[in-house]
2 protein chains.
Amino acid sequence: MGEKYNKYSKYYVAVDCVIFGYTNDDLKLLLYHRGFEPAKGMWSLIGGFVGETESSDTAARRILKNITGLDEIYLEQVQAFTEPKRDIEDRVISITYYALIRIDKHNSDKVRENGAHWWSMKALPAFIFDHKEMVDKALEKLQLKAGLELVGSELLPDKFTLLQLRKLYEAIFQKELDTGNFRKKVLSLKVLQRLDEKNTTESRRGAYYFKFIEGAKEKSFERIVKI
Amino acid sequence: MGEKYNKYSKYYVAVDCVIFGYTNDDLKLLLYHRGFEPAKGMWSLIGGFVGETESSDTAARRILKNITGLDEIYLEQVQAFTEPKRDIEDRVISITYYALIRIDKHNSDKVRENGAHWWSMKALPAFIFDHKEMVDKALEKLQLKAGLELVGSELLPDKFTLLQLRKLYEAIFQKELDTGNFRKKVLSLKVLQRLDEKNTTESRRGAYYFKFIEGAKEKSFERIVKI
DNA sequence: GCAAAAGTGTTAAAACTACACCCATGC
DNA sequence: GCATGGGTGTAGTTTTAACACTTTTGC
């Protein structure tokens, strides 16, 4: 390696992942419990250091695979957090990502082994360092995405009802949405296909299942929810 | 400092700034000419390394102040670029920012001394490393911002005509906008105040100058240009 | 008089919003 | 029969988009 830069300092570089999942009408985050001082008992995002041969994207995928068993996770960089004293131990630059996880597909034993737990977004615990800020930024970014294109295939089971989809959107935007209007908006995008099968567990009448049409990306930047 | 992390590697951390300015109906970028091999003759964003006591935000402000003489620049983080081999010399993580500069206010002598030049977005030169990608991402982010709130105070002189504002928007979105509709949309936001003074240099008839009303933030997330 | 930008007006289509209302079914 | 979500319909308003037209003034 060259030595042109050696009057400058180097720092540790880590990734932290805001892992969103969705079950039971509830948007959730996968978090680690911190079992040692300092900040023992608080919760942290799942993260790790960036290795010498990998990009931060690759590192995030490695870490996510490790803990959830899943490949091909939807992943987006949020931003870098760089305050010199953000980590108590030493200077660490954190590059934050958010990930969308199908809880029904992930390896829950592995998660448990690793000491991670799913927390509802409605009642999050105390975070270490600047992790709360990371979560806030990640949610903002998720809202931006969900407002411009229909998310769901990354979070819902393969087949789902429009109630489930609406509840997901309500969880993401943390507000209630009109049943009829949401339905019309979503169906107008032509990315969902109705199946000949009904879900009868969530309502008396039963609601048709829908699935995402393979490869049918809605025309970009349709507005789904006004933010 | 602690030694808990010392089995991990450290890397150089730099910031690169995509500096937007606007003059003569033209959106511009401030770039450095690279005077040495490798990649001699190509152009690079303006950047520098992050010091031990500063965050990347602070570093970006320091570098911007150095080259433009300006404090209080509008600055937003774009994202981190982390490919292991993105820099030829050694591994450097780049945290990319974009900045909006009032060209009429900046110190152009200083810029010249530093070997920087303004390039029109319409005809950009060849960039080193991944700097082209940084510019693309920065423009996307600027479009997102400009689509949701009225930018201009950061790029235009204190008083400006609606023609100038529209030309700025056309430069940002790289497409033509309807005169009448743009005018109505922009004025409906109630953030501009018409002055009793006309600009007669850009049209025969003369156009009223406008200025931004101090502190009048439009209600957040109005849509100005559909993206 | 012409060109060029300033500024206003018109109109149809599309999108948004807030509802009302009937349907199907398990309890 | 009633509560619950499923699903459709409607009506008023707002927003968008395209473009016509009138004004002003230097050349």
Side-chain angles (χ1 to χ4, degrees), chain A residues 24-26 146-150 156 159-171 173 175-211 218-227, chain B residues 24-26 146-150 156 159-171 173 175-211 218-227:
Chain A
N24 302 118
D25 300 354
D26 214 10
L148 294 171
E149 63 187 274
L150 198 61
L156 293 170
K159 56 185 186 183
F160 50 87
T161 65
L162 292 184
L163 174 63
Q164 290 167 337
L165 184 60
R166 179 164 54 83
K167 290 287 182 193
L168 169 60
Y169 263 78
E170 292 182 349
F173 288 95
K175 68 175 180 187
E176 294 199 350
L177 299 171
D178 181 275
T179 323
N181 295 338
F182 181 79
R183 181 183 204 88
K184 271 172 283 186
K185 182 73 202 182
V186 156
L187 291 179
S188 76
L189 299 173
K190 308 260 186 243
V191 292
L192 296 184
Q193 186 186 337
R194 203 183 77 180
L195 305 179
D196 283 332
E197 194 186 346
K198 283 192 171 190
N199 169 319
T200 51
T201 64
E202 292 188 320
S203 70
R204 313 241 188 272
R205 179 174 169 182
Y208 280 109
Y209 278 119
F210 286 79
K211 65 165 190 172
E218 64 264 44
K219 55 185 179 301
S220 50
F221 298 124
E222 183 67 34
R223 175 183 278 175
I224 296 165
V225 174
K226 190 171 170 179
I227 52 172
Chain B
N24 301 118
D25 300 354
D26 215 10
L148 294 172
E149 64 186 274
L150 197 61
L156 294 170
K159 55 185 186 183
F160 51 86
T161 65
L162 292 185
L163 174 63
Q164 291 166 336
L165 184 60
R166 178 165 54 82
K167 289 288 182 192
L168 168 60
Y169 263 79
E170 291 181 349
F173 288 96
K175 69 175 179 185
E176 294 198 349
L177 299 171
D178 181 275
T179 324
N181 294 339
F182 181 79
R183 180 182 204 88
K184 272 172 283 186
K185 181 75 200 180
V186 156
L187 292 179
S188 76
L189 300 174
K190 308 263 187 239
V191 291
L192 296 184
Q193 185 186 339
R194 202 182 77 179
L195 305 178
D196 282 331
E197 194 185 346
K198 284 193 170 188
N199 169 319
T200 51
T201 64
E202 291 188 322
S203 70
R204 312 238 188 275
R205 179 175 169 182
Y208 280 107
Y209 278 118
F210 286 79
K211 65 165 189 171
E218 65 265 44
K219 54 185 181 300
S220 50
F221 299 123
E222 184 68 33
R223 174 183 278 177
I224 295 165
V225 174
K226 189 170 170 178
I227 52 172

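In the text below, chain A, chain B and the rest are named by the order of the sequence lines, each starting its count at 1.
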Specify the separation, in whole Å, of atom [atom1] of [X] and atom [atom2] of [N].
{"X": "A/Asn199", "N": "D/dT4", "atom1": "CG", "atom2": "P", "result": "18 Å"}
{"X": "B/Glu170", "N": "C/dA5", "atom1": "CD", "atom2": "P", "result": "11 Å"}
{"X": "A/Glu176", "N": "C/dT17", "atom1": "CD", "atom2": "P", "result": "15 Å"}
{"X": "B/Lys198", "N": "D/dG26", "atom1": "NZ", "atom2": "C1'", "result": "14 Å"}
{"X": "A/Tyr208", "N": "D/dG6", "atom1": "OH", "atom2": "C1'", "result": "11 Å"}
{"X": "B/Phe210", "N": "C/dG7", "atom1": "CZ", "atom2": "C1'", "result": "10 Å"}
{"X": "B/Phe182", "N": "D/dT16", "atom1": "CZ", "atom2": "C1'", "result": "15 Å"}
{"X": "B/Arg205", "N": "D/dC27", "atom1": "CZ", "atom2": "C1'", "result": "18 Å"}

Checklist line | Under-4.0 Å side-chain N/O to phosphate OP1/OP2 contact, A/Lys185 with C/dC16 | finding: yes

Checklist line | Annotated protein contacts, base or backbone, on nucleotides 8-14 of chain D with a non-hydrogen cut-off under 4.0 Å, one of B, S, - each | finding: BBB----

For [X], what residues pass the salt bridge (charged side-chain N to carboxylate O under 4.0 Å, His left out) criterion, not counting sequence neighbours?
{"X": "B/Asp25", "value": "none"}
{"X": "A/Arg183", "value": "none"}
{"X": "A/Glu197", "value": "A/Lys159"}

Next item on the list: List for me each residue that meets ring-ring contact (aromatic ring centres under 6.0 Å, His included) alongside B/Phe160, sequence neighbours excluded, and say none if there are none.
Entry: B/Phe212

Next item on the list: Under the ring-ring contact (aromatic ring centres under 6.0 Å, His included) rule, collect the residues that match up with A/Tyr209, sequence neighbours excluded.
Entry: none

Next item on the list: Validate the cation-pi geometry between A/Arg194 and A/Tyr208: distance from NZ or CZ to the six-membered ring centre under 6.0 Å, angle to the ring axis within 45°.
Entry: yes

Notebook entry, point to check: How do A/Thr161 and B/Arg204 order along DNA chain D: which one's closest nucleotide is nearer the 5' end?
Noted result: A/Thr161

